[in-house]
There are 2 protein chains.
Amino acid sequence: MKPISKEEYDLKCSTRQLFELMSEKWVPGLIYTLSLGPQRPGKLAGRLQGISKKMLTQTLRNLEDWGVVKRTVYDVVPPHVEYSLTSLGEKMVEPIALVHDWAQENREDIAKVFGNRLASKTS
Amino acid sequence: MKPISKEEYDLKCSTRQLFELMSEKWVPGLIYTLSLGPQRPGKLAGRLQGISKKMLTQTLRNLEDWGVVKRTVYDVVPPHVEYSLTSLGEKMVEPIALVHDWAQENREDIAKVFGNRLASKTS
DNA sequence: TCAAGTAGGCACCTTAAGGTAACCATGGAA
DNA sequence: TTCCATGGTTACCTTAAGGTGCCTACTTGA
């Protein structure tokens with residue numbers, strides 16, 4: 001077991017794990033949106049442009065398993081369900097917010113890179 | 001065309017685009033590693049634990065297309081190739097470094113979430 | 001003459017991610 | 001009594017991501 005230098009992007013590197021967690025399509029959006037307060041699935045769906053019912057529930061289930069989201073059911077009719085962040089979930093808001101803030105201030109550069117990528121894919 | 005509120009995670013949202021860019025498995029690691037200085041493919045491969053030859057070249061080609069990485073060939077024998085960041089690439093280091101720094105300070109929480117996810121996948 | 005290092009291409013395969021569409025249950029309103 | 005809203009589930013399908021393995025070309029040193 002050779003020592004791992006600081007520069008190495010090794011398997012147990014937290015950075016790498018964090019990027020892996022956040023690379024599930026709807027995860028950052030859901031966590032960020034939930035950081036605005038507990039919300040019902042309908043509202044969440046409305047805020048996450050393009051998400052399907054299936055992906056919404058599926059991602060929320062995953063986040064529950066991860067210990068990041070809590071599901072609360074109010075036993076009334078019609079059914080009332082609310083999702084909120086756990087304390088672990090609240091922590092995960094931080095890196096997303098960092099990226100979010102940076103992205104807002106650097107729209108131009110992101111747009112360039114994103115555009116180049118799009119162009120190279122279709123051609 | 002209804003107006004888009006600040007809370008909406010819409011398709012053209014830079015945050016969303018940025019996450020999409022960074023969710024390619026080897027992209028953050030490559031950009032971050034290249035931020036330590038221009039490097040030959042052999043060295044890059046050594047630093048990115050677990051990357052295969054194919055994925056290394058493939059990801060580098062993509063990053064070239066995105067305008068983030070530059071490939072320089074020195075016409076000598078044996079062949080000498082060096083990869084470096086463009087100025088656009090340098091900019092993309094910032095959000096990665098932000099996440100990296102946060103990840104270093106919050107290893108515990110990341111490990112928890114990551115562990116929970118692993119556990120829920122195998123069971 | 002043959003292996004080794006350097007850089008990379010190509011064919012192929014497997015899995016997982018994401019999406020669509022149809023369906024279920026409930027009870028109150030029209 | 002039929003329909004709607006709510007909050008899902010399920011089956012099915014398509015694509016893309018990532019990986020393995022083997023091949024190329026070039027030259028130098030053993």
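Note on naming: letters A, B, ... go to the chains in the order of the sequence lines (proteins, then strands), and numbering restarts at 1 for each one. This one's a predicted model, so the numbers in the text were calculated from it and none came from an experiment.
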Starting at the 5' end of nucleotides 23-30 of chain C, put B wherever the base has a protein heavy atom under 4.0 Å, S where only the sugar-phosphate does, and a dash everywhere else. ----S---

Value in whole Å for how far the C1' atom of C:dG8 lies from CG of B:L56: 10 Å

B:T57 side chain: which of C:dA7, D:dG7, C:dG8 is closest? C:dG8

B:R71 side-chain N/O to C:dA7 phosphate OP1/OP2 under 4.0 Å: no

Does anything in residues 69-91 of chain B form a salt bridge (charged side-chain N to carboxylate O under 4.0 Å, His left out)? List the pairs, not counting sequence neighbours. A:D109-B:K91

Kindly indicate whether the side chain of B:L60, heavy atoms from C-beta on, has any atom under 4.5 Å from the side chain of B:L44. yes

Send over the distance from A:L48 CG to C:dG19 P, rounded to a whole Å. 12 Å

Sub-4.5 Å side-chain heavy-atom contact between B:V27 and A:F19: no

Can you tell me how far CD1 of A:I110 sits from CD of A:E105, rounded to the nearest 0.5 angstrom? 10.5 Å

For the atom pair CH2 (B:W26) and CZ (A:R16), what is the distance rounded to the nearest 0.5 Å? 4.0 Å

Is any side-chain heavy atom of B:W66 closer than 4.5 Å to one of B:L21? yes

Quickly work out the B:R40 CZ to C:dG8 P distance and round it to whole Å. 10 Å

The side chain of B:Y83 is closest to which nucleotide in this list: D:dT6, C:dG8, D:dG8? C:dG8

Starting from C1' on C:dG8, measure out to CD on B:E64 and report it in whole angstrom. 13 Å

Base versus backbone protein contacts along nucleotides 11-21 of chain D [heavy-atom cut-off under 4.0 Å; B, S, -]: B-----SBBB-

Checking B:T15 side chain against A:A103 main chain: does a donor-acceptor pair fall under 3.5 Å? no

D:dA5 C1' sits how many Å from A:K43 NZ, rounded? 17 Å

A:D101 vs B:L98, test: side-chain contact (heavy atoms from CB on, under 4.5 Å). Steps then yes/no. CA-CA 11 Å; A:D101 294 346; B:L98 287 175; over 6 Å; no

Checking all strands, does B:Y74 fall into the base, sugar-phosphate, or nothing category for heavy-atom contacts under 4.0 angstrom? nothing

For the pair made of CD in B:E82 and P in C:dT6, what is the distance, rounded to whole Å? 14 Å

Spell out, as yes or no, whether a donor-acceptor pair under 3.5 Å connects the side chain of B:S120 to the backbone of B:R117. yes

